[in-house]
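Have a look at the structure below before the remarks.
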Amino acid sequence: MREIHIPYCRETLPLHVEEKNLSAVLTARMHEYDPGQPEAAIVQEALEHPIGTPRLRELAKGKKKVVLVTSDHTRAVPSKLTLPLLLAEIRAGQPDADITILIATGLHRPTTEEEQRRMFGDQIVDQEHIAVNNAFCEADFVDLGTLPSGAGFYVNRLAAECDLLVTEGFIEPHFFAGFSGGRKSILPGICAEKTVNENHSFKAISSPWAKTGVLEHNPIHEDMIAAARRVNVQFILNVALGEKKNVVAAFAGDLEEAHAAGVAFIREQSQCPVVKGDIVVTSNGGYPLDQNLYQSPKAVATAEACCAESGVIIMCCSCIDGMGGTNFEKLITLGTPEEIEAYLSQIPPDKTIPEQWCPQIYARILKKHKVILVTTYLDHELVRKANMIPASTPDEALAIAYEMKGPDAKVVVIPDGVAVLAVS
């Protein structure tokens, strides 16, 4: 009997699988990657040797209004470490710079002060100017024309009107943007609702190029890059994270060149060969990504790549913050997967409903696979309404899956489905 620990909220849950059933445990090599130096040193070295740009302190010289875009409460960016280093670098070049830290929420709820203190530390919250993007407040945005897809580009005016725009984030495989990081700080991070919605339309999500690990020809990525270039992002700092959300690598400099270097590293460390299983067990990597159901298709899409025809996916997601969005909940409980997909397919790009992309991806997967959701926070009747089967523990879920697929079913475990890039 093998015991495997599955990330769940801020801890792990045990899964017990008989060796005769276990086909593979897929983990990113990055979880064992040893950078050989402390986290702060990794970030500092990246800042001192940027890719494709001068040092940030050089770029900051003579700049008065500086905007530093950072991620919100749904992301594990180690801002308590990175923000002080970025702020010091900016002030080394321009001591009296007027700096605004802009929290990129996309369409998520606002980041609370309590969450900001946990993410950034008390000193930054007390001493720095922090603004939270509100995608639903039209007055906060300026119109910068159209993107390659034809979508209107409305971006936070703080970013559009500053003298120096800097972003920070982290890079991992992403289920329809190819990879996170870089340009995503701008779109969807600090764009208006209408721009985010159109970028995430049914048509865009349906593209064969809009999937994990793919950037070339990906229409979602192409709009994101165009948006970030349009507002002149002059410097980025992106990190790669290990199993304990620790920094194992950092990439700083040009929007595209530094991000490409980070993507190459992530691809090398995260890529795993596809191993097919009758049952695939995964998680959304624990908190913060597993705090609601809206975020969870990321890992389910990874599991989909390894799930045999008519196989069963077990998704461990605490959902401690609930479903994750009013529109998401309405759409995911609208009807059968076929009915949900049919409804969404009729919505034109410029009428995209906020959060519809996650029900769309779930509907695609649920048409082919049963999904068992392991959660101790979300009401199990609501799970059933969302076309999933509820369970309270991984072992309970596995027992349900064996009843469907038989006692000899082969099991593939992907403990952290967000971190793995499964390729044929």
Side-chain angles (χ1 to χ4, degrees), residues 1-34 172-173 175 212-213 241-245 248 268-287 289-290 296-318 365-366 368-376 380 383 388-424:
M1 178 76 70
R2 177 89 69 90
E3 181 174 282
I4 303 164
H5 295 274
I6 310 295
Y8 183 85
C9 200
R10 291 184 172 87
E11 54 186 5
T12 61
L13 295 177
L15 170 71
H16 299 91
V17 187
E18 294 285 353
E19 292 286 355
K20 67 181 181 66
N21 294 98
L22 187 61
S23 289
V25 178
L26 303 182
T27 59
R29 287 187 295 279
M30 193 157 55
H31 283 183
E32 288 76 45
Y33 184 82
D34 181 6
E172 66 181 359
F175 65 138
T212 307
L241 301 177
E243 184 176 18
K244 296 179 180 179
K245 308 295 190 287
V248 298
E268 179 184 350
Q269 297 298 323
S270 298
Q271 212 160 271
C272 294
V274 165
V275 179
K276 293 289 185 178
D278 304 303
I279 302 167
V280 182
V281 186
T282 192
S283 84
N284 225 40
Y287 190 88
L289 277 180
D290 84 337
S296 66
K298 293 175 169 67
V300 177
T302 302
E304 177 190 23
C306 294
C307 202
E309 186 175 351
S310 300
V312 177
I313 295 172
I314 296 174
M315 174 66 192
C316 299
C317 185
S318 74
I365 295 169
L366 285 163
K368 299 183 293 182
H369 305 290
K370 295 291 185 182
V371 175
I372 303 173
L373 179 65
V374 176
T375 175
T376 50
H380 281 194
V383 174
M388 299 175 214
I389 301 164
S392 297
T393 68
D395 286 347
E396 178 190 348
L398 188 57
I400 295 170
Y402 281 142
E403 288 179 6
M404 289 188 277
K405 302 306 298 180
D408 296 324
K410 294 301 180 182
V411 180
V412 172
V413 182
I414 313 173
D416 185 347
V418 183
V420 168
L421 174 58
V423 294
S424 300

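All values reported here derive from a predicted model rather than from experimental measurement.
With Lys405 contributing its side chain and Ser310 its backbone, the two residues share a donor-acceptor pair below 3.5 Å. No donor-acceptor pair closer than 3.5 Å links the side chain of Ser392 to the backbone N or O of Thr376.
Surrounding NZ of Lys244 are at most 12 heavy atoms belonging to other residues, nucleotides or ligands under 6.0 Å away. The local environment of NZ in Lys370 is sparse, with at most 12 non-hydrogen atoms from other residues, nucleotides or ligands closer than 6.0 Å.
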Check your understanding: How far apart are the C-alpha atoms of Thr212 and Lys298, what are their side-chain angles, what is the distance that settles it, and do they pass the side-chain contact (heavy atoms from CB on, under 4.5 Å) test?
Key -> CA-CA 9 Å; Thr212 307; Lys298 293 175 169 67; over 6 Å; no
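In this structure, CG in Leu22 is found 11.0 Å from CE in Met1, a value given to the nearest 0.5 Å. In this structure, CD in Glu304 is found 10.0 Å from CG in Leu366, a value given to the nearest 0.5 Å. A distance of 13.0 Å separates CD in Glu11 from CD1 in Ile6, rounded to the nearest 0.5 Å. Separation of atoms CZ (Phe175) and OG (Ser296) is listed at 8.5 Å; rounding is to 0.5 Å. Expressed to the nearest 0.5 Å, how far CD of Gln269 lies from CD of Glu172 amounts to 15.0 Å.
Using a 4.5 Å heavy-atom cutoff, the side chains of Tyr402 and Val411 are in contact. Taking 4.5 Å as the limit, every side-chain heavy atom of Ile400 sits out of range of all side-chain heavy atoms of Ile314. The side-chain heavy atoms of Thr302 and Val418, taken from C-beta on, include no pair separated by under 4.5 Å. Ile389 is not listed as a side-chain neighbour of Val371, based on a closest heavy-atom distance of 4.5 Å or more. Using a 4.5 Å cut-off on side-chain heavy atoms (C-beta onward), Met404 and Ile372 make contact. Side-chain contact check for Arg2 versus Val413: every heavy-atom pair is 4.5 Å or farther apart. In this structure, Leu13 and Thr393 have side chains that are not in contact, with every pair of non-hydrogen atoms separated by 4.5 Å or more.
The two residues Cys307 and His369 make their nearest non-hydrogen contact at SG-ND1, 3.5 Å. Here the shortest heavy-atom pairing between Asp395 and Pro14 reads OD1-O, 4.0 Å. Contact detail for Pro7 and His5: the closest heavy-atom pair is CD-O, 3.8 Å. Taking both residues in full, the closest heavy atoms of Val374 and Ala397 are given as CG2-CB, 3.6 Å, listed atom of the first, atom of the second, then distance. Contact between Ala401 and Val312 at its shortest, heavy atoms only, is CB-CG1, 4.0 Å. The two residues Leu26 and Pro273 make their nearest non-hydrogen contact at CD1-O, 4.0 Å.
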Can you give the donor-acceptor pairs under 3.5 Å from side chains of residues 277-287 to other protein atoms, not counting sequence neighbours?
{"unit_1": "Asp278", "atom_1": "OD2", "unit_2": "Lys410", "atom_2": "N", "d": "2.8"}
{"unit_1": "Thr282", "atom_1": "OG1", "unit_2": "Ile414", "atom_2": "O", "d": "2.8"}
{"unit_1": "Thr282", "atom_1": "OG1", "unit_2": "Gly417", "atom_2": "N", "d": "3.3"}
{"unit_1": "Ser283", "atom_1": "OG", "unit_2": "Gly285", "atom_2": "N", "d": "3.0"}
{"unit_1": "Ser283", "atom_1": "OG", "unit_2": "Pro415", "atom_2": "O", "d": "2.5"}
{"unit_1": "Asn284", "atom_1": "OD1", "unit_2": "Ala299", "atom_2": "N", "d": "3.2"}
{"unit_1": "Asn284", "atom_1": "ND2", "unit_2": "Leu289", "atom_2": "O", "d": "2.9"}
{"unit_1": "Asn284", "atom_1": "ND2", "unit_2": "Gln295", "atom_2": "O", "d": "3.1"}
{"unit_1": "Tyr287", "atom_1": "OH", "unit_2": "Arg118", "atom_2": "NH2", "d": "3.1"}

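Under the rule for a side-chain contact (heavy atoms from CB on, under 4.5 Å), the partners of Thr375 that lie at least two apart in sequence or sit in another chain are Tyr8, Cys319, Leu373, Tyr377, Leu378, His380, Val383. Evaluation of the salt bridge (Lys or Arg N to Asp or Glu O under 4.0 Å) rule for Glu309 yields no partner, not counting sequence neighbours.
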